[in-house]
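In this chain, residues are counted from 1 in sequence order.
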Amino acid sequence: MGSSAKRKKEKQKDFQKPKLKVGKAKAKPENFTDTSFRSKAIVLNQQSLHVSAPNADSQFTHHLSLLSSKSDSQRRDSLAHLTTTIASRPVNSPLPQPVSVMLPSLLPLILDANNNVRTALLKLLRTLPNNDVQDHVAQLLPYVRAGMTHLAADIRVSAVEILSWMVEAAGEAVVSCAGGWIKTFNCFLSVLGWHTEESARWSSNRASFGKSGSQGRPMVKVLGALAGFLDAGIGAPGGAGAGDDDLADDLSSSPWPFPLCQTSQHMISDSATPYAYLNLFGQPRDEEGEMYETREDRYRVFSTRFLPAVERGLKSAREEGGELGRASSGVTKVLKEALSYGSGP
């Protein structure tokens, strides 16, 4: 009897309403779970709070330092910021940073594995003044040649596009700098697969661009860049029939008095390194690393070392037809003009 009465008491206890005293909190149930939380603050040891925002020059320098970031999107966004800043600056105003300061951060991106980063880099390079590009061609070319001989096909195509931009911006400075003619032409032959007779028999995109479905489009870009490179190196100056007319124009527009004809040809060059061809403080150069400043020197090297391979490769490209055949016709036209001019009196 005692145990049953105790059980009844315990059951009634569950249905009894507790009497609350004033000022005392309601008792929490036994299955209560504490869900409260406490936020923690992150305190930096060195933090600088300014009322004014950083100026444009400091932001430019900051984004320039972010080009070495491990994040692909960060490098791409920083390049986009730098491009916008350079393109939107007032006309004839100096760059936020000299090209010599920007290049060490920009050059490694030529070999970047991300395609969007390389595309953003090319957009940035196109905004640089042509005069500054001419003074730094010797720094750009080694990275471009490394890209043209890279294992990844898309990096090779991007490097060829950058070389094409360099020829447009700097012209003869690309082919006349140290190693700019022979070394770069060897890279072209490597990309095209025209080194030997055996490699020229293969389809060009199979030899160097192994992506299926590309339909020779990378090859078309390479041939277009080769046409511009050949024109800058051994192209006929001024085209056909330009000799006496150009000379007469020079005489009529010359600011010098009559006896001093073509005096500007004998003045010191306006380039940043007018005596670079002397190689006073550099390493001894071999034939490939030599500077070929005149068209005659470049034509002599081309006719003895590269002409047979180029003619053989162009013949193979014409036989394939399509876009590749049309692109090869542009190179053939430049080559014919150069050969006719070189064999003339």
Side-chain angles (χ1 to χ4, degrees), residues 39-91 93-133 135-166 168-170 187 191 209-211 214 217-218 221-222 225:
S39 61
K40 293 186 177 181
I42 299 176
V43 181
L44 301 178
N45 293 331
Q46 296 178 353
Q47 53 182 335
S48 177
L49 300 178
H50 296 280
V51 177
S52 59
N55 56 21
D57 290 343
S58 61
Q59 288 184 1
F60 190 91
T61 305
H62 173 66
H63 281 279
L64 194 64
S65 66
L66 292 178
L67 295 181
S68 59
S69 171
K70 294 183 178 180
S71 172
D72 297 340
S73 58
Q74 180 64 72
R75 297 196 301 272
R76 181 199 60 207
D77 295 342
S78 295
L79 286 170
H81 177 85
L82 298 177
T83 304
T84 304
T85 304
I86 295 175
S88 60
R89 77 187 194 281
V91 181
S93 63
L95 295 172
Q97 290 285 350
V99 175
S100 58
V101 175
M102 291 189 285
L103 277 184
S105 300
L106 296 175
L107 291 177
L109 299 181
I110 297 176
L111 308 175
D112 197 281
N114 188 276
N115 187 43
N116 294 327
V117 173
R118 296 194 307 273
T119 303
L121 173 64
L122 183 57
K123 290 180 180 178
L124 171 60
L125 293 176
R126 291 187 184 279
T127 62
L128 299 179
N130 291 346
N131 293 335
D132 292 335
V133 175
D135 294 336
H136 297 88
V137 163
Q139 289 178 262
L140 283 160
L141 272 180
Y143 284 88
V144 172
R145 288 195 292 262
M148 292 176 69
T149 55
H150 201 275
L151 292 176
D154 53 349
I155 294 182
R156 292 198 295 269
V157 175
S158 298
V160 169
E161 291 176 347
I162 293 177
L163 179 62
S164 181
W165 158 78
M166 288 175 59
E168 294 175 6
C187 291
V191 173
F209 304 99
K211 286 187 177 180
S214 60
R217 287 176 196 143
K221 292 183 180 180
V222 177

Go through the steps for Val157 and Met148 under the test side-chain contact (heavy atoms from CB on, under 4.5 Å), then give the verdict.
CA-CA 7 Å; Val157 175; Met148 292 176 69; over 6 Å; no

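- You'll find the side chain of Thr61 reaches within 4.5 Å of the side chain of Gln97, heavy atoms only.
- Arg75 places no side-chain N or O within 3.5 Å of a backbone atom of Val117 that could act as its donor or acceptor partner.
- Counting only distance, with no hydrogens or angles, the side chain of Thr84 and the backbone of Ala80 share a donor-acceptor pair below 3.5 Å.
- For the pair Ile110 and Leu121, the minimum side-chain heavy-atom distance is below 4.5 Å.
- A heavy-atom distance below 4.5 Å is found between the side chains of Leu64 and Leu82.
- Side-chain contact between Thr85 and His81 is present, with heavy atoms from C-beta onward closer than 4.5 Å.
- With sequence neighbours left out, the side chain to side chain donor-acceptor pair (under 3.5 Å) criterion links Ser73 to Ser71.
- For Gly147 against Ala159, the heavy-atom pair with the smallest separation is C-CB, 3.5 Å.
- Side chains of Leu140 and Trp165 form a contact here, defined as non-hydrogen atoms less than 4.5 Å apart.
- Between Ile155 and Ala113 the shortest heavy-atom distance is CD1-CA, 4.5 Å.
- Among residues two or more places apart in sequence or in another chain, the side chain to side chain donor-acceptor pair (under 3.5 Å) test is passed with Asp132 by none.
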- Intermediate values then yes/no, side-chain contact (heavy atoms from CB on, under 4.5 Å), Leu95 and Phe60: CA-CA 10 Å; Leu95 295 172; Phe60 190 91; over 6 Å; no

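- The backbone N or O of Leu79 lies less than 3.5 Å from a partner atom in the side chain of Thr83, making a donor-acceptor pair.
- With a 4.5 Å cut-off on side-chain heavy atoms, Leu67 and Arg76 do not count as touching.
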Practice prompt. Run the numbers on Val191 and Thr149 for side-chain contact (heavy atoms from CB on, under 4.5 Å), then give the verdict.
Written response: CA-CA 7 Å; Val191 173; Thr149 55; 5.7 Å; no

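- Here the straight-line distance linking atom CG of Leu106 with atom CG of Asp112 works out to 12.0 Å at 0.5 Å rounding.
- Without hydrogens or angle criteria, Ser93 side chain to Pro90 main chain gives a donor-acceptor distance under 3.5 Å.
- Within the 4.5 Å cutoff, side-chain heavy atoms of Leu163 are placed close to those of Leu141.
- Residue pairs meeting the side-chain hydrogen bond (donor to acceptor under 3.5 Å, both in side chains) criterion with at least one member in residues 118-130, sequence neighbours excluded, are Asn115-Arg118, Arg118-Asp154, Arg118-Ser158.
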